[in-house]
Amino acid sequence: PSRPPLAMRSALLVVLALSLSLLSAPLASAAPQKKPSVAQLVETLEGGALDERIASAQTLGALGRMAASATPALIRCLAAPEAPLVDASVTALVSIGGKARAPLVGVLESGALDGAEIPRGPVGRALLQMGKKGVRAVEAYVDSAPPDAELYRLFEELGEAGAGYLVEAAKRPDRAVEALRSLRRLGAREARSAEALQPLTRKVDDEDLVRAIGYAWTQAPTREDVERLRGWIEGDRPELVDTARWGVGILGRYATVAAAAVLARVGDEDPTTRATARWALTGLVADGPAAPNPAVPASARPAPAEKGD
């Protein structure tokens, strides 16, 4: 029999090739994509661009306990300056659960991992979301830690959850001054809901301390409080004296009746106390609150809290 012309044979070959390619395309696209391993995710977490590192932390979190080997890398990310990466790492550690808890407790106690400093705030945030054992670990650290700047930094870094610890610390005479200063700094950043504070002060029997805690948290002493603030400044309780001087500085010229009491404290040995007294005096002669001073905790009067708070 005669063979088809060359042109026809070429056309048939082209059609056949196209058909085969169309048939194989769906098979190729349907092939499952290989998921990155935990080791690969850790490599990206430690050396990728910021968005890649955040995505890796989120993926590790989705793996839960299967990503336990990534715990050290995730803990190291808690020291990152980028809040989204820290938040994603905290969430991932919480998802890993019990296998991450013991390393986190070790870092909470030492403040470091493999010689690298790790801030205790995000460590504590993770542990507080790890059930009773995590909460007890934080409470044990708080009870045993010296009342120094590192402890109060931890409370502030815990966010609103730190308010409860600060209220408890304020009940102890040796911690009250720094606890109220930290509560002011924390209140300056948070929503400052008075309702959120009520359950925390329910077991505080000291009415003056409850008021001082309220001023610190809500950042809102009023003109009606001036006489009480002056009485505190003239008294002998350091935590009330310190809070009252700050309150006078926030109120500014509306608290001029307290000027003599504040002036009597400008020579205090404590540098923050001395700075607060001098800052408050500048507010008494200014048209409004005293100008913010970085040496005075929460010296910039914040915007009012949401109505109804």
Side-chain angles (χ1 to χ4, degrees), residues 33-142 144-145 148-166 182 185-191 196:
Q33 295 291 322
K34 187 178 180 181
K35 295 181 179 179
S37 66
V38 171
Q40 289 171 323
L41 289 168
V42 168
E43 184 178 354
T44 303
L45 181 68
E46 295 186 318
L50 178 60
D51 57 343
E52 295 173 334
R53 298 177 72 193
I54 294 171
S56 292
Q58 292 169 338
T59 303
L60 289 166
L63 292 173
R65 289 177 294 178
M66 295 171 60
S69 61
T71 296
L74 288 165
I75 291 177
R76 284 191 288 272
C77 287
L78 300 183
E82 300 88 2
L85 178 56
V86 174
D87 292 343
S89 299
V90 167
T91 300
L93 288 163
V94 173
S95 297
I96 291 170
K99 292 185 177 180
R101 188 169 54 240
L104 284 167
V105 172
V107 174
L108 180 67
E109 294 171 349
S110 67
L113 178 68
D114 299 331
E117 185 175 342
I118 306 293
R120 288 185 169 91
V123 173
R125 281 169 47 201
L127 285 169
L128 288 175
Q129 299 176 66
M130 289 184 166
K132 293 180 180 179
K133 290 183 178 180
V135 172
R136 283 199 293 266
V138 174
E139 291 175 347
Y141 172 76
V142 169
S144 63
D148 57 12
E150 185 63 33
L151 179 64
Y152 297 106
R153 188 177 302 115
L154 165 64
F155 294 147
E156 293 171 35
E157 290 176 346
L158 288 176
E160 190 166 332
Y165 292 102
L166 288 169
S182 278
R185 283 189 288 262
L186 183 57
R189 299 198 307 267
E190 299 294 327

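What you see below is based on every heavy atom in this structure, not just the backbone, and it leaves out hydrogens, waters and symmetry mates. Note that the numbering runs from 1 along the sequence shown for the chain.
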(request) Please determine which of Thr91, Leu74, Thr44 meets the side chain to side chain contact (heavy atoms under 4.5 Å, CB included) test together with Leu60. (result)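 Output: one option passes, namely Leu74.
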Nearest 0.5 angstrom please: [X] [atom1] to [Y] [atom2], how far?
X: Leu104; Y: Met130; atom1: CG; atom2: CE; result: 5.0 Å
X: Arg185; Y: Glu156; atom1: CZ; atom2: CD; result: 4.0 Å
X: Leu63; Y: Ile96; atom1: CG; atom2: CD1; result: 8.5 Å
X: Leu41; Y: Lys35; atom1: CG; atom2: NZ; result: 11.0 Å
X: Leu85; Y: Leu45; atom1: CG; atom2: CG; result: 6.5 Å
X: Arg189; Y: Glu160; atom1: CZ; atom2: CD; result: 11.5 Å

Please report the closest heavy-atom contact between [X] and [Y], naming both atoms and the distance.
X: Ala68; Y: Lys99; value: CB-CD, 3.6 Å
X: Ala137; Y: Val105; value: CB-CG2, 3.7 Å
X: Pro119; Y: Val123; value: O-CG2, 3.5 Å
X: Leu186; Y: Gly159; value: CD2-O, 3.4 Å
X: Ala73; Y: Val42; value: CB-CG1, 3.8 Å
X: Gly124; Y: Leu158; value: C-CD2, 3.6 Å

(request) Considering only NZ, NE, NH1 and NH2 on the basic side and carboxylate oxygens on the acidic side, decide whether Arg153 and Glu150 come within less than 4.0 Å. (result) yes
Is there side-chain contact between [X] and [Y], with heavy atoms separated by less than 4.5 Å?
X: Arg76; Y: Leu113; answer: yes
X: Tyr165; Y: Val138; answer: yes
X: Leu78; Y: Leu93; answer: yes
X: Ile54; Y: Glu82; answer: no

(request) Begin from the C-alpha positions of Arg120 and Tyr141 and carry the test side chain to side chain donor-acceptor pair (under 3.5 Å) through to its verdict. (result) CA-CA 11 Å; Arg120 288 185 169 91; Tyr141 172 76; 3.0 Å; yes
(request) Please answer whether the main-chain N or O of Leu151 pairs with a side-chain N or O of Asp148 as donor and acceptor at a distance below 3.5 Å. (result)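 Between the backbone of Leu151 and the side chain of Asp148 there is a qualifying donor-acceptor contact (under 3.5 Å).
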(request) Please say whether more than 12 non-hydrogen atoms of neighbouring residues, nucleotides or ligands are located less than 6.0 Å from CD in Glu139. (result) yes
